[in-house]
Each structure stands twice: as C-alpha cells, then as structure tokens.
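We name chains A, B, ... by the order of the sequence lines, and we start the count at 1 in each one.
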Amino acid sequence: MEEGPENVAFFVFIHADITDRKKADAAKTEFVSLASHQLRTPLTEIRWALSSLEREQLSKEQRETVETAHAASNHMAETIKAMLTISHIETGEVTPEPADINILAMITDVSRLHAMEQKKNSLVLDLRCAKNILIRTDEQLFKEVLSNLLINAYKYTPNGGKVGISVQQDNDHIKIDISDTGYGIPHQDQKKIGQKFFRASNAEDKQQEGSGLGLHIAYSLIRLLGGTLSFTSEENKGTTFTLLFPRAV
Amino acid sequence: MKKKEKHVLIAEDNIFLGEMIKKVLTSRGMRVSIARDGKEAISLIDTAPPDLLLLDLLLPHVDGYGVLQHRKQKKLTFPVIVCSNLSDKTNRDRCKEFDVNAYVVKSDMDDAQLWPIMQKYLK
C-alpha cells in the first residue's frame with residue numbers, strides 16, 4: 001500500500017497531561033540539590049578531622065581505622081558530587097561552552113589526575129593518540145566523561161592489568177576507545193548500564209566501592225555534548241567504551 | 001636571614017573547620033588569621049592585606065561576594081581561593097567575574113588537595 005494522506009483511514013490522538021510529573025521531577029531534583037549541600041557541610045568537618053588525625057602518632061591499628069574512615073569519606077564526597085552533577089544536568093544548569101581542545105593534552109590531564117588509582121592497582125596505561133587532534137567541545141564536561149570512564153576502567157581491572165586509551169579520526173568523527181582487561185560486565189547486566197545507581201552484579205561481588213552514578217553521568221554529558229557512548233564487554237576478559245564525536249570543523 | 005612568614009586569612013564561619021585549617025597551615029609555617037564573617041574579613045583586609053585569602057561564600061553579615069566586591073573596589077590584588085560547598089556554575093561564574101584565582105568545593109578537598117593549590121599562589 002502506498003503511503004500518503006489519501007490512504008489514512010483515521011487518526012488516533014494521544015494526550016496526557018505531564019504537568020504533575022514535571023513538578024514532581026523538579027521537586028525531586030531540588031531536594032537532591034539541597035540535601036547534597038546540607039550533607040557537604042558535616043562531611044567537610046569529618047574529612048578535615050580525619051586529615052588532622054592522620055598526621056598524629058598512631059598505632060598501626062589506629063592508623064588503619066582512620067584510613068578506612070578517610071576512604072569512606074572520600075567515597076561519600078564522590079557520591080554527593082555525582083548526585084549534584086546529575087541534579088545540575090537534569091535542571092538544565094549545565095551549558096556546554098565549546099572551544100577547540102587538543103585531545104592528547106586533555107587525556108594527559110585526566111590520566112594524571114587519576115595516576116594514584118593506576119599506581120595503586122599496578123595497572124599499565126597504554127595511550128595511543130596523535131599530537132595534533134583537535135576536538136570542538138566543552139573541555140571540563142568532556143574531561144568529566146573521560147574521568148568517569150577511566151575511573152571505572154581502573155576500578156574494575158585486577159592488579160597488573162592493562163587499560164588502553166586510543167584515539168582515531170576519520171573525515172567525520174573522532175573515536176576514543178577506553179578499554180580494559182578487567183572483570184567485564186555480565187551479559188544480563190549490560191542492558192542496564194548507564195541507569196542511575198545501577199551497578200553490575202560482579203562489581204558488588206568484588207566489593208568495589210561505587211555509587212552507580214559515574215556511567216550515568218558519562219552518558220548524560222556525552223548526549224549533551226553531541227556525541228555518543230557505547231560499549232562492548234565480555235565477562236572476565238574486559239570492556240571497551242567507545243566515544244564517538246563529530247570532528248572539529 | 002629568616003624568610004618572612006606568609007599571611008593567610010581564612011574567612012570561615014564554621015569555627016571547627018576554620019581552626020582545623022589554621023592548625024594545618026600553621027604547621028606549614030604560615031601566619032594565619034581567621035575572620036568569622038565577611039565584615040570581620042573586610043576589617044582585617046583593611047588593616048593588613050593578606051598574602052592569600054581562603055574565602056567561604058556563605059558568611060554572616062557580609063557574604064563572600066561582599067568581601068570580593070570590597071577587594072575589587074580597593075583595587076587589591078592578593079590571591080583568593082574560594083572554599084565553598086556551593087558547586088553550581090552560577091556561583092563559579094560569578095566568582096570568575098571577581099578574578100578569583102581558584103574555586104574549590106570544601107567537601108571534595110582536604111589538606112592534601114588544598115595545599116598544592118595554595119602553594120601556587122603563595123610564591
């Protein structure tokens with residue numbers, strides 16, 4: 001049958017009032033924003049108090065206790081930061097400010113920022129990127145995406161493993177692969193990756209701390225920046241996240 | 001000859017946090033003053049401009065922006081690091097307009113993160 005108005009027998013109009021849903025979303029986002037700010041004040045005091053304690057003469061057991069508390073406070077700070085980032089994205093407060101950015105410099109900055117995590121797990125970072133590739137994007141937001149992907153790669157790759165970052169370009173796109181030789185994402189969990197607070201079942205098994213917000217942020221930000229994020233993964237072999245981005249004009 | 005101590009002014013209304021930061025900076029050889037509100041910060045700045053100001057934004061009487069406005073009006077050039085738990089873009093952008101040197105989120109940082117940033121502006 002040919003398509004065209006003459007073949008239309010009837011129309012179906014679907015109408016739903018989403019005002020209440022919008023109001024509820026706005027209230028929820030505002031609550032997260034306010035609650036996060038309120039949590040930050042006591043957390044700041046906890047972190048400084050722990051830093052102060054760490055400088056004191058402590059027994060081995062006391063030091064371990066303080067370090068555990070400090071690690072937990074770091075995790076809490078990260079979670080609050082992630083919740084606020086999501087809240088800012090959802091309220092439309094995040095507006096990209098594009099500029100021409102050198103990708104290699106940007107990746108180098110991000111990898112330096114997470115050098116401690118890399119060293120802690122004795123991981124090899126294999127970076128393959130030409131020196132002169134420019135990308136037109138918001139530097140801070142793009143770094144946030146890269147950071148979240150790199151943190152995950154470091155977190156879910158066992159000691160001695162390898163994390164790779166490779167950048168390629170063709171006429172239309174710039175492609176960044178962030179790969180690891182880590183635990184991989186179980187097949188049944190793959191559909192849920194990127195959902196808020198979702199963590200793969202084997203991540204919980206490995207007792208790796210995480211909020212399940214990092215990838216959600218990465219997906220949300222990359223959409224905002226006009227790129228796409230996808231992945232392939234095989235359990236116990238590793239995962240590759242691929243960022244595809246229109247080339248700088 | 002003994003090197004002159006750098007003077008750091010902390011404008012922070014949280015007494016515990018102010019004292020904690022003071023303790024750490026004093027142990028690093030800084031001379032530290034604390035202002036509990038924006039009005040006191042302005043008064044201390046007028047008495048002797050510090051080598052560096054650590055400035056909270058939500059302060060009683062006169063807020064952090066009032067202090068920044070005063071610095072601007074008096075054409076003072078000492079570096080300012082804003083230490084606030086407000087992390088939104090609006091506040092960050094507003095601080096940029098006052099030529100703030102760095103903006104750190106208090107709960108995301110402790111001494112280990114703050115000190116390298118301070119060193120950069122205390123040279």
Checklist entry - Given A:Lys81 and B:Ser87, is the side chain to side chain contact (heavy atoms under 4.5 Å, CB included) satisfied, shown in steps? => result CA-CA 9 Å; A:Lys81 191 178 167 191; B:Ser87 60; over 6 Å; no
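- For the atom pair B:Leu17 CG and A:Trp48 CH2, the distance stands at 7.0 Å (nearest 0.5 Å).
- In this structure, no portion of A:Gln140 lies under 4.5 Å from any heavy atom of chain B.
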Next on the checklist: For B:Met20 and A:Arg47: C-alpha separation, side-chain torsions, deciding distance, then whether side chain to side chain contact (heavy atoms under 4.5 Å, CB included) applies.
Outcome noted: CA-CA 10 Å; B:Met20 277 288 152; A:Arg47 283 165 68 82; over 6 Å; no
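- For B:Lys23, the part sitting under 4.5 Å from any heavy atom of chain A is the side chain, from C-beta outward, and nothing else.
- Looking at B:Glu19, neither its backbone nor its side chain comes within 4.5 Å of chain A, counting heavy atoms on both sides.
- For a residue to count as touching a neighbouring chain, one of its non-hydrogen atoms must lie under 4.5 Å from one of that chain's; by this rule B:Leu114 touches chain A with the side chain only.
- Contact annotation for residues 141-154 of chain A against chain B (heavy-atom separation below 4.5 Å): no residues qualify.
- If you check the side chains of A:Thr44 and B:Asn85, you find a donor sitting under 3.5 Å from an acceptor.
- A 4.5 Å side-chain heavy-atom check between B:Lys106 and A:Glu45 finds every atom pair outside the cut-off.
- Crowding of B:Lys22 atom NZ: a count of heavy atoms from other residues, nucleotides or ligands under 6.0 Å exceeding 12.
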Distance-only check: which donor-acceptor pairs under 3.5 Å involve side-chain atoms of residues 212-224 of chain A, not counting sequence neighbours?
from	atom 1	to	atom 2	distance (Å)
A:His216	ND1	A:Gly194	O	3.0
A:Ser220	OG	A:His216	O	2.8

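- Within 6.0 Å of the CD atom in A:Glu56, the count of heavy atoms belonging to other residues, nucleotides or ligands exceeds 12.
- Although no hydrogens or angles enter the test, the distance criterion places no donor-acceptor pair under 3.5 Å between the side chain of A:Arg40 and the main chain of B:Ser107.
- Salt bridge annotation for B:Asp111-A:Arg55: present, with a cationic side-chain nitrogen under 4.0 angstrom from a carboxylate oxygen.
- The environment of CD in B:Gln113 is crowded: more than 12 heavy-atom neighbours from other residues, nucleotides or ligands sit within 6.0 Å.
- Residue contact with chain B, scored on non-hydrogen atoms closer than 4.5 Å, involves the side chain of A:Ser51 exclusively.
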